[in-house]
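Naming: A, B, ... by sequence-line order, numbering from 1 per chain.
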There are 2 protein chains.
Amino acid sequence: VSPAIAPDGPLAPGATIGILGGGQLGRMLALAAAKLGFRVHIYCDDAHAPAFHVAAAQTCAPYDDQEALARFAESVDVVTFEFENVPEATALSIADHAPVAPSPRALAIAQDRLAEKRFVSGLGIATAPFRAVDDEQTARAAFQELGGPAILKTRRLGYDGKGQKRVESADEAVRAHAAMGGVPAILERHVAFAFEASVVAARNRDGHFAAYDLPRNEHENHILKRSIVPAPLGFGHITEAMGIAQRIADALDYVGVLAVELFVGSDGALLVNEIAPRVHNSGHWTMEACLVSQFEQHIRAVAGWPLGDTARHCDAVMENIIGAEAHDWLARAGEPAGLHLYGKTEARPGRKMGHITRISPLGTLKVADH
Amino acid sequence: VSPAIAPDGPLAPGATIGILGGGQLGRMLALAAAKLGFRVHIYCDDAHAPAFHVAAAQTCAPYDDQEALARFAESVDVVTFEFENVPEATALSIADHAPVAPSPRALAIAQDRLAEKRFVSGLGIATAPFRAVDDEQTARAAFQELGGPAILKTRRLGYDGKGQKRVESADEAVRAHAAMGGVPAILERHVAFAFEASVVAARNRDGHFAAYDLPRNEHENHILKRSIVPAPLGFGHITEAMGIAQRIADALDYVGVLAVELFVGSDGALLVNEIAPRVHNSGHWTMEACLVSQFEQHIRAVAGWPLGDTARHCDAVMENIIGAEAHDWLARAGEPAGLHLYGKTEARPGRKMGHITRISPLGTLKVADH
């Protein structure tokens with residue numbers, strides 16, 4: 001049983017929300033918490049974490065510092081996370097001292113690609129065919145069973161295309177696994193899809209569920225570049241996708257915002273690619289296009305509040321500002337768009353530095369029924 | 001000549017914006033600055049200032065502590081204000097150490113009702129007829145010249161109806177002035193008006209000007225209760241009102257957001273009631289209804305950035321949450337509306353604790369031409 005969050009009613013404004021992680025998601029969560037009158041305590045191992053600058057309290061310590069974690073957890077009313085790769089020991093140790101949401105179990109499942117795929121397909125939800133890969137023998141067998149092309153992925157700690165390799169033969173699968181140091185991995189059959197979409201949704205302590213409209217997501221160099229909402233999906237697909245997210249959230253007894261990345265096949269089939277147990281880059285457009293953003297929604301859920309309205313009042317295109325693109329901030333500031341810069345000092349290649357959302361009246365972006 | 005803000009180009013993200021004052025306006029300015037990647041340093045004399053909790057740096061010191069002011073100003077790239085009653089000595093002393101916007105001159109004019117009225121009418125802009133009141137003799141003469149009913153107001157430090165008294169005779173004017181302790185005052189003839197509206201607008205360092213649509217403002221117990229946008233004004237009135245705000249901003253060489261409160265006469269005449277050299281309660285609806293809120297707009301202006309888009313993408317009704325109304329936060333959290341709570345601990349009567357903005361599609365609220 002996962003440690004439940006405090007059963008004694010919604011947190012009153014003035015309460016303190018602890019956030020593990022201090023990147024841009026933590027920063028935007030902190031800003032959303034402030035909007036509702038909460039205080040925020042950020043815990044991060046990086047002294048330059050951008051979320052530190054907008055929080056009432058800060059702890060800079062390693063994620064395995066049990067004493068610092070305990071002090072942090074005891075100073076707040078609830079703890080949540082801005083990233084899924086929280087060591088399970090860390091999440092469990094925090095749960096000894098404070099209510100946490102989402103639960104350590106949800107984090108544990110989502111941070112392991114194999115556990116995640118097994119969990120999702122165990123719910124009867126379609127994913128790409130997959131096999132566990134632990135050594136040369138299973139690598140070879142996995143490829144032979146699935147057929148190619150296929151993608152070999154580390155089970156843990158991959159993001160933005162890191163820890164992934166496309167393979168075309170059993171030999172290549174074996175070599176790729178060796179090149180990854182032989183760490184536990186998963187082989188997934190490559191699936192042809194028309195585009196990627198995502199469901200960003202929330203479930204609160206009372207089990208209420210609310211999803212935002214689905215964006216179509218475009219990647220460049222394995223990094224999300226653009227989310228366009230609405231995705232070109234018909235009513236049936238949208239309902240099916242939201243239903244998938246709800247079944248996953250219910251099965252995890254999930255509390256907070258989660259994102260379910262979907263492949264939309266050219267035949268219209270929906271496959272779950274990945275679950276992110278947190279606010280998600282493909283939900284940033286909600287800040288401009290909805291009354292209640294995904295960040296506020298997450299804070300509402302973990303604080304035991306009613307979920308906010310997810311209605312979208314305009315069409316939107318969110319574009320990430322990555323690496324050196326951040327140097328163009330002045331040009332971006334001149335566009336009629338919602339500009340967000342994350343307060344990161346170094347514009348390293350591939351680093352998400354900000355995003356910009358252009359909006360237009362509802363129905364302006366063309367919706368096709370697939 | 002007012003101390004100008006730094007002439008060396010726009011502030012880059014990562015720069016620090018100093019804000020004098022730590023109330024809800026300072027808090028919402030700090031959140032807007034964070035959105036653009038700035039750091040914020042809040043200076044306030046109140047240890048419980050809600051803006052402290054969302055800032056990278058805090059100074060808690062009296063507004064006449066020259067040493068603390070100097071340290072504060074030297075630690076930031078530009079200084080701005082969340083309230084107009086900054087002692088002129090404070091503003092000038094800060095200006096010795098850092099660029100400030102708006103200028104101490106704009107603050108000095110706006111914090112003195114008589115100087116303000118003289119300044120506005122000196123620009124050929126209509127106000128209620130007024131006279132200076134300094135003693136018994138001028139109080140009596142003022143009433144006799146203006147006729148009644150009239151409103152006696154202290155020249156300084158009044159807000160939300162404090163320091164104001166309606167008078168119906170010269171004797172009453174004399175008595176009211178004595179009851180105010182004989183401080184410098186102004187007598188204004190009461191004007192019949194259909195409703196109050198306001199222009200919230202910004203002027204940046206390059207002299208560019210941009211105004212938001214005008215809300216109609218409703219007061220209860222002399223405190224703003226509700227702003228409804230659009231106000232029932234035709235195109236001609238809107239253009240005239242924005243032109244008034246622009247002439248005032250230009251004449252002050254103003255940098256930042258300012259609000260011009262207007263009386264709209266039943267005959268359609270516009271009279272300037274008051275200038276607020278800061279973000280304004282009647283502009284809070286911009287957070288939901290525009291891409292760039294008044295808070296972000298102010299930060300853009302003082303940072304030397306291009307002004308943001310002021311287009312309104314929906315109709316809006318902003319309602320203040322005052323005093324004990326804040327205890328209803330859970331019911332408000334359940335409404336499909338934009339909820340803002342300011343993080344104030346004590347819900348004293350008349351205290352602005354938060355606000356809530358309901359939106360509806362453009363054109364939903366009826367616009368009449370006056």
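Only the backbone of B:Leu11 comes within contact range of chain A, with heavy atoms under 4.5 Å apart. Contact annotation for B:Phe52: neither backbone nor side-chain heavy atoms come within less than 4.5 Å of a heavy atom of chain A. Heavy atoms closer than 4.5 Å to chain A are found in both the backbone and the side chain of B:Ala12. For a residue to count as touching a neighbouring chain, one of its non-hydrogen atoms must lie under 4.5 Å from one of that chain's; by this rule A:Ala30 does not touch chain B.
If you tally non-hydrogen atom pairs under 4.5 Å between each of A:Val40, A:Val292, A:Ile359 and chain B, the highest count goes to A:Ile359. Among B:Pro361, B:Gly334, B:Ala333, the residue making the largest number of heavy-atom pairs under 4.5 Å with chain A is B:Ala333. Contact count versus chain A (heavy atoms, under 4.5 Å) is highest, among B:Pro50, B:Ala55, B:Ala57, B:Gly14, for B:Ala55. Listed options A:Gly354, A:Ala337, A:Ala33 were ranked by heavy-atom pairs under 4.5 angstrom with chain B; first place goes to A:Ala337.
A pairwise comparison of heavy atoms in A:Leu341 and B:Pro13 identifies CD1-CG, 3.6 Å as the closest pair. For A:Ala34 against B:Val54, the heavy-atom pair with the smallest separation is CB-CG1, 3.5 Å.
Taking the ring-ring contact (aromatic ring centres under 6.0 Å, His included) definition, one finds that B:Phe209 meets it with nothing, sequence neighbours left out.
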Candidate polar pairs, chain B side and chain A side, donor-acceptor under 3.5 Å:
from     : atom 1 : to       : atom 2 : distance (Å)
B:Arg27  : NH2    : A:Ala34  : O      : 2.7
B:Ala34  : O      : A:Arg27  : NH2    : 2.7
B:Lys35  : O      : A:Leu341 : N      : 2.8
B:Lys35  : NZ     : A:Leu339 : O      : 2.6
B:Gly37  : N      : A:Leu341 : O      : 3.3
B:Arg39  : NH1    : A:His53  : NE2    : 3.4
B:His53  : O      : A:Ala56  : N      : 3.1
B:His53  : NE2    : A:Arg39  : NH1    : 3.4
B:Ala56  : N      : A:His53  : O      : 3.1
B:Arg300 : NH1    : A:Ala333 : O      : 2.7
B:Arg300 : NH2    : A:Ala333 : O      : 3.4
B:Ala333 : O      : A:Arg300 : NH1    : 2.7
B:Ala333 : O      : A:Arg300 : NH2    : 3.4
B:Leu339 : O      : A:Lys35  : NZ     : 2.6
B:Leu341 : N      : A:Lys35  : O      : 2.8
B:Leu341 : O      : A:Gly37  : N      : 3.3

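Using a 4.5 Å cut-off on side-chain heavy atoms (C-beta onward), A:Leu330 and B:Pro306 make contact.
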